[in-house]
Amino acid sequence: MKQVPIGVSARHIHLSVEHIEQLFGSGYQLSVLKDLSQPGQYAAAETVAVVGPKGRFDKVRILGPARGKTQLEVSRSDAFVLGMNPPVRESGNIAGTPGITIIGPAGQIDITEGVIVAGRHIHFHTDDAARWGIADKQLLTVRVEGERSLIFERVLARVSDQYALDMHIDTDEANAAGVKTGDMATILS
């Protein structure tokens, strides 16, 4: 049986170095609140506010380290509150997506693109992928057992020797299935 731990991804933001400095001050370095499931990734102690056409969220957690481009990842429910309709995309694929206002303690910026609903995906270490015959970018079908078990289709496989085995779904998907971080999912095909 091909079982994978589930990681529920709440709304969060990845910031570029330039935007970190604009929001927190010149030369500012994010501080680690806690490590995440993927090696080298962490939840920063710092948060920002994000403001959309109809609503806002305060205390949006920044995930580090800094990225090449700023990207806000929200659930479909979050997008509704903000008054937006961002596409479901693979992380990093932000071309043509909506922008948003980001407010930090030292400033405010308006990004013209970068808001997505992150597509569900599984991070595979290359050894795990090889053992199970899974290729990078392959679309999988996965069953999650919870209060309301669900089968998720079109789950993107992301394979790298830098990854740890982990399935990422957003809060809407986790709530629909009645699962939480640490529960297990089974790859069906």
Side-chain angles (χ1 to χ4, degrees), residues 6-125 136 156 158-174 181:
I6 296 170
V8 179
S9 183
R11 81 181 69 97
H12 62 271
I13 194 164
H14 302 279
L15 295 173
S16 67
V17 171
E18 174 188 4
H19 289 160
I20 291 170
E21 291 188 348
Q22 289 174 348
L23 295 167
F24 291 92
S26 181
Y28 192 88
Q29 299 289 313
L30 296 174
S31 52
V32 177
L33 176 66
K34 69 176 183 175
D35 290 327
L36 299 176
S37 61
Q38 294 306 307
Q41 303 293 306
Y42 60 89
E46 296 82 0
T47 62
V48 293
V50 295
V51 182
K54 292 186 178 176
R56 78 183 267 153
F57 289 112
D58 295 312
K59 299 184 179 178
V60 174
R61 184 71 52 200
I62 301 168
L63 299 189
R67 293 257 180 117
K69 292 184 178 180
T70 292
Q71 171 181 295
L72 174 66
E73 295 183 28
V74 295
S75 70
R76 184 62 63 205
S77 296
D78 291 340
F80 180 77
V81 170
L82 292 170
M84 309 177 82
N85 187 23
V88 176
R89 293 274 182 90
E90 179 180 359
S91 183
N93 180 5
I94 62 169
T97 61
I100 199 157
T101 298
I102 306 167
I103 303 169
Q108 169 179 315
I109 56 172
D110 294 306
I111 59 171
T112 57
E113 63 182 11
V115 181
I116 66 166
V117 173
R120 62 183 78 106
H121 58 279
I122 300 176
H123 292 278
F124 289 92
H125 186 275
D136 189 40
L156 181 68
R158 298 179 64 192
V159 180
S160 169
D161 61 2
Q162 303 297 307
Y163 291 155
L165 186 62
D166 194 27
M167 177 176 174
H168 287 175
I169 58 176
D170 70 26
T171 52
D172 286 351
E173 293 170 315
T181 294

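Here the structure is a predicted model, which is why all the values come from computation and not from measurement.
- In this structure, CD in Gln22 is found 5.5 Å from CD1 in Ile109, a value given to the nearest 0.5 Å.
- Residues Ser37 and His168 have side chains in contact (heavy-atom distance under 4.5 Å, counting atoms from C-beta outward).
- Counting heavy atoms from C-beta on, the side chains of Asn93 and Ile116 never come closer than 4.5 Å.
- When atom types are taken as modelled, the side chain of Ser9 and the backbone of Asp170 share no donor-acceptor pair closer than 3.5 angstrom.
- Every residue two or more places apart in sequence or in another chain was checked for a salt bridge (Lys or Arg N to Asp or Glu O under 4.0 Å) with Glu18, and none qualifies.
- If you take NE2 on His14 and OG1 on Thr70, they are separated by 10.0 Å, rounding to the nearest 0.5 Å.
- Minimum interatomic distance between Asp58 and Ala49 (heavy atoms only, all atoms of both residues): OD1-CB, 3.4 Å.
- Of the possible donor and acceptor atoms, one in the side chain of Glu113 sits under 3.5 Å from a partner among the backbone N and O of Gly96.
- A 4.5 Å side-chain heavy-atom check between Ser91 and Arg158 finds at least one atom pair inside the cut-off.
- In this structure, the side chain of Thr181 engages the main chain of Val8 through a donor-acceptor pair within 3.5 Å.
- Annotation: Gln108, atom CD; neighbour count of heavy atoms from other residues, nucleotides and ligands within 6.0 Å is above 12.
- The heavy-atom pair separating Ile111 from His19 by the smallest distance is CG2-CE1, 3.7 Å.
- Looking only at side-chain heavy atoms (C-beta outward), Leu165 and His125 stay at 4.5 Å or farther from each other.
- Separation of atoms CE (Met84) and CD1 (Ile100) is listed at 4.5 Å; rounding is to 0.5 Å.
- One distance of note links CD1 of Ile13 with CG of Leu72; it measures 5.0 Å at 0.5 Å rounding.
- Ion pair Arg11/Asp78 flagged as a salt bridge, since at least one NZ, NE, NH1 or NH2 atom sits closer than 4.0 Å to an Asp/Glu carboxylate oxygen.
- Here the side chains of Pro87 and Thr97 are in contact, with some heavy-atom distance below 4.5 Å.
- Of all the heavy atoms in Leu63 and Ala43, the pair that sits closest is CD2-CA, 3.8 Å.
- Going from atom CG of Leu33 over to atom CD of Glu46 covers 9.0 Å, rounded to the nearest 0.5 Å.
- Distance CG/Leu23 to CD1/Ile102: 6.0 Å, rounded to 0.5 Å.
- Using a distance-only test at 3.5 Å, with no hydrogens or angles considered, a donor-acceptor pair links the side chain of Glu21 to the main chain of Gly27.
- Among pairs with a residue in residues 27-69, those fulfilling ring pair (Phe, Tyr, Trp, His ring centres under 6.0 Å) read Phe24-Tyr28, at least two apart in sequence or across chains.
- Using modelled atom types, one side-chain atom of Gln71 and one backbone atom of Gly92 make a donor-acceptor pair closer than 3.5 Å.
- Here the closest non-hydrogen pair linking Ser16 and Gly68 is CB-O, 3.9 Å.
- Arg61 places a side-chain N or O within donor-acceptor distance of the main-chain N or O of Ala45, the cut-off being under 3.5 Å.
- Side-chain contact check for Glu90 versus Leu156: some heavy-atom pair is nearer than 4.5 Å.
- Within the 4.5 Å cutoff, the side chain of Gln38 has heavy atoms near those of the Asp166 side chain.
- Listed for the Arg76 side chain is a donor-acceptor partner under 3.5 Å among the backbone atoms of Pro86.
- Residues Pro39 and Gln162 are not in side-chain contact: their nearest non-hydrogen atoms beyond the backbone lie 4.5 Å or more apart.
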Handout entry: Working for side chain to side chain contact (heavy atoms under 4.5 Å, CB included), residues Ile103 and Arg56
Key = CA-CA 10 Å; Ile103 303 169; Arg56 78 183 267 153; 4.2 Å; yes
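- When only modelled atom types and interatomic distance are considered, Asp110 and Thr101 share a side-chain donor-acceptor pair under 3.5 Å.
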